[in-house]
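Please read the structure below before turning to the comments.
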Amino acid sequence: MKTARRISVLFLATAALAACSGGSGTNAVPSSWIRQEYRAGGGGYLDRSDPVTTVATEIHKHTSAQDRTSSGTMVFLRYRDDIVAISPYLGGSRIEIDDYRSGYTRWKRHLSSVWPDPDSDSFRGGGPGSGK
């Protein structure tokens with residue numbers, strides 16, 4: 001009986017940890033999928049043939065972004081804690097992944113009128129938890 005109880009406790013603990021992890025249900029950026037799908041290079045990952053909008057749609061279809069915006073020739077996908085920026089690159093596209101704060105700072109001129117500034121008092125980060 002002790003063994004069955006231990007297994008049950010272990011199973012419940014594993015399920016609870018999985019629910020709290022950054023899986024696709026919590027809107028985490030699909031970085032491992034991007035690494036597998038696209039070739040590293042050009043300061044990020046490259047799709048040498050598909051245009052920006054096609055690549056953005058492919059990534060969003062794999063893991064739905066919280067939000068999507070475009071500016072000029074670029075497309076930005078917002079995930080819980082990250083920003084994916086897709087830009088034209090040598091007839092294809094370059095994909096860059098940044099955490100939200102550094103990505104927002106880097107791409108601020110494209111994002112400031114659309115997404116919240118992580119340095120503002122009103123910013124509420126993504127992710128679980130109370131007290132925000």
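As a basis for the values below, the full set of heavy atoms in this structure was taken, side chains included, without hydrogen atoms, waters or symmetry mates. Residue numbers run from 1 in the order of the sequence given.
- Across all non-hydrogen atoms, the minimal contact from A28 to Y79 is O-CD2, 3.8 Å.
- Side-chain atoms of W115 and T69, non-hydrogen and from C-beta on, do get closer than 4.5 Å to each other.
- Of all the heavy atoms in R68 and T53, the pair that sits closest is NH2-O, 3.7 Å.
- Distance CG/D82 to CD/Q66: 10.5 Å, rounded to 0.5 Å.
- Looking at every heavy atom in both residues, Y38 comes nearest to L46 through CB-O, 3.5 Å.
- Placement of F76 and V84 in two distinct hydrophobic clusters is found when ILVMFWY residues are connected by side-chain heavy-atom separations under 4.5 Å, directly or transitively.
- For the atom pair D117 CG and Y100 OH, the distance stands at 7.5 Å (nearest 0.5 Å).
- Contact between P118 and R101 at its shortest, heavy atoms only, is O-NH1, 3.3 Å.
- Of the inter-residue distances, the one linking D98 atom CG with R106 atom CZ reads 5.0 Å to the nearest 0.5 angstrom.
- Counting heavy atoms from C-beta outward, S71 and R109 have side chains that stay 4.5 Å or more apart.
- Residues P30 and I59 have side chains in contact (heavy-atom distance under 4.5 Å, counting atoms from C-beta outward).
- Under the 4.5 Å side-chain criterion, counting only non-hydrogen atoms from C-beta, H62 is not in contact with E37.
- Here the shortest heavy-atom pairing between I86 and V52 reads O-CG1, 3.5 Å.
- Within the 3.5 Å criterion, the main-chain N or O of D47 finds no donor-acceptor partner in the side chain of S93.
- With R94 contributing its side chain and Y89 its backbone, the two residues share no donor-acceptor pair below 3.5 Å.
- For the atom pair CD1 (I97) and CD1 (I83), the distance works out to 12.0 Å, reported to the nearest 0.5 Å.
- V29 places none of its side-chain heavy atoms less than 4.5 Å from the side chain of T63.
- Heavy-atom minimum distance, W107 versus M74: CZ3-CE, 3.3 Å.
- No side-chain heavy atom of R78 sits under 4.5 Å from any side-chain heavy atom of L111.
- Annotation: the span from S70 atom OG to L77 atom CG amounts to 10.5 Å, rounded to 0.5 Å.
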